[in-house]
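Chain identifiers are assigned alphabetically (A, B, ...) following the order of the sequence lines, protein sequences preceding nucleic acid strands; residue numbering begins at 1 within each chain.
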Amino acid sequence: MPHPLVPPVLDWYARSARDLPWRRPGCTPWGVLVSEVMLQQTPVVRVEPLWRAWMQRWPTPAHLADAATSDVLRAWDRLGYPRRALRLQECARAVVERHDGELPTDEAALLALPGVGTYTAAAVVAFAHGRRSVVVDTNVRRVLARTLGGEALPPPSLTRSEMARAAQVVPDDDATAARWSVAVMELGALVCTARSPRCAACPVDDLCAWRAAGMPADEHAHRRRRQAWAGTDRQVRGRVMATLRAADHPVPEALLVDAGPDEAQRTRAVTGLVADGLVVREDVVGTVDGERVTTAVYRLPG
DNA sequence: AAAGCGGGGTC
DNA sequence: GACCCAGCTTT
């Protein structure tokens, strides 16, 4: 017997699923992995066009492994969290070296790849290989917190009990399990949304514990605090990266002033980027008024 | 368990 | 202006 949520959600998905390129039959397992990495904290609408161009340019792990890292970072453009692009190229190289260029099907082997965590490994098992796994992303957490937990939103960080609850709902056979995983995620993305859920369009509104309880407010609200954006180190890092992506020559330190007015903050940002491998610093020896001086220039790696 | 890490759209 | 988005890695 499947869990009561499963049949109506599968039926809803058959009617309502978006036509996304990484869900098409011809998409390779590597294409699925690339989509999953790009979708880590980045919405579908921003990923889709970039994914198409990316897969056109680097269709296989071998292609990406051989690319210049500077090209990879430029192609990543403003998708955000550029370290993901670095990890993705490292992942491609690991697939070439460890797995003869073919993405493994084993979840533990996937988890061992750079940039692949619990969610992404499970997602590739289900969406690329059609096998049973426990896929728990922010959408699944929210749907299960509401329908089964009776709460507005899940706790701030993923708990063991959430994983256990999710595992209980996943159907036993591979094909149905894979279908369930994509379907419940889609339900969270399109209907059971964080801000204003469309319960009128929900296939399991009659089974929803949160709805039955009168849709009480979020109990964890006081513990959710996000880092602000304006004026942060992250913003300055982003601007430095934007400057270097746009430059076709190494950029002198003085030109990075555009990234922000606070010198200490700029230094922090650039130092961090160099430590992360996203930026390379070079010392250039020149002559000013007959004196030898050393100045720093910055560029993208590779 | 918590903090750091982009960037853009939406309410 | 706050919140949210198919999370991962490091401490």
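Atom CD of A/Q235 is separated from atom P of B/dC5 by 13 Å (rounded to the nearest Å). At whole-Å resolution of the value, CE in A/M38 and P in B/dG8 are 16 Å apart. Atom OH of A/Y81 is separated from atom P of C/dT9 by 14 Å (rounded to the nearest Å). For the pair A/R198 CZ and B/dT10 P, the interatomic distance rounds to 15 Å; values are reported in whole Å. Taking atom CZ on A/R239 and atom P on B/dG8, their separation rounds to 11 Å, with Å as the unit. Spacing between atom CD of A/E90 and atom C1' of C/dC8 amounts to 12 Å, rounded to whole angstrom units. Atoms CG (A/D276) and P (C/dC8) sit 18 Å apart, rounded to a whole Å. Counting to the nearest Å, the C1' atom of B/dC5 and the CZ atom of A/R234 are 5 Å from each other.
Only the P atoms considered, B/dA3 is 16 Å distant from C/dC3, to the nearest whole Å. Here the separation of C/dC4 from B/dG6, taken at their C1' atoms, is 13 Å to the nearest Å. Here the separation of C/dA6 from B/dC11, taken at their P atoms, is 15 Å to the nearest Å. Look at the C1' atom in both C/dC8 and B/dG9: the space between them is 23 Å, to the nearest Å.
Counting only residues at least two apart or on different chains, the salt bridge (charged side-chain N to carboxylate O under 4.0 Å, His left out) pairs with a member in residues 147-164 of chain A are A/R141-A/E162.
Contacts between residues 12-35 of chain A and DNA chain C, defined by a heavy-atom separation under 4.0 Å, are made by A/R18, A/L20, A/W22, A/R23. Near DNA chain C, meaning a heavy atom under 4.0 Å away, the residues from residues 152-191 of chain A are A/M185.
Under 3.5 Å, the side chain of A/T42 and the base of B/dG6 form at least one donor-acceptor pair of N or O atoms. With hydrogens and angles ignored, a donor-acceptor pair under 3.5 angstrom links the side chain of A/R46 to the base of B/dG7.
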If you apply the rule side chain to side chain contact (heavy atoms under 4.5 Å, CB included), what do you find for A/M55 with A/W22, and how did you get there? CA-CA 10 Å; A/M55 294 307 295; A/W22 47 85; over 6 Å; no
Please evaluate residues A/L190 and A/T193 with respect to the criterion side chain to side chain contact (heavy atoms under 4.5 Å, CB included), reporting the C-alpha separation (whole Å), side-chain torsions for both, the decisive distance (0.1 Å), and the verdict. CA-CA 6 Å; A/L190 299 183; A/T193 55; 6.0 Å; no
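Across B/dC11, B/dG6, C/dC8, the shortest atom-to-atom separation from the side chain of A/R195 is found for B/dC11. Checking B/dG6, C/dG7, C/dC4 against every side-chain atom of A/D137, the shortest atom distance belongs to C/dG7. Among the nucleotides C/dA6, B/dC5, C/dC4, the one closest to the side chain of A/R237 is B/dC5. Side chain of A/Y119, nearest nucleotide from B/dG7, C/dC5, C/dG7: C/dG7.
Contact between the side-chain N/O atoms of A/Q41 and the OP1/OP2 oxygens of C/dG7 is found at a separation under 4.0 Å. Under 4.0 angstrom from either OP1 or OP2 of C/dC5 there lies at least one side-chain N or O belonging to A/R142. For C/dA6, the OP1/OP2 oxygens have no side-chain nitrogen or oxygen of A/T120 closer than 4.0 Å. Within the 4.0 Å cut-off from OP1 or OP2 of B/dG8, at least one side-chain nitrogen or oxygen of A/R78 is found.
The 12-atom threshold is not exceeded at CZ of A/R198, counting heavy atoms of other residues, nucleotides or ligands nearer than 6.0 Å. For A/R292, the CZ atom is loosely surrounded, since the number of other residues' heavy atoms within 6.0 Å does not exceed 12.
The residue among A/R245 and A/S196 whose nearest nucleotide of DNA chain B lies closer to the 5′ end is A/R245. When the nearest nucleotides of DNA chain B are assigned to A/V45 and A/R84 by heavy-atom distance, the more 5′-ward of the two goes with A/R84.
Residue contacts shown for A/G80 include a base, since a base heavy atom lies under 4.0 Å away.
Among the candidates A/L278, A/V274, A/V279, the single residue satisfying the side-chain contact (heavy atoms from CB on, under 4.5 Å) test with A/D276 is A/L278.
Contact between A/S133 and A/S181 at its shortest, heavy atoms only, is O-OG, 3.9 Å.
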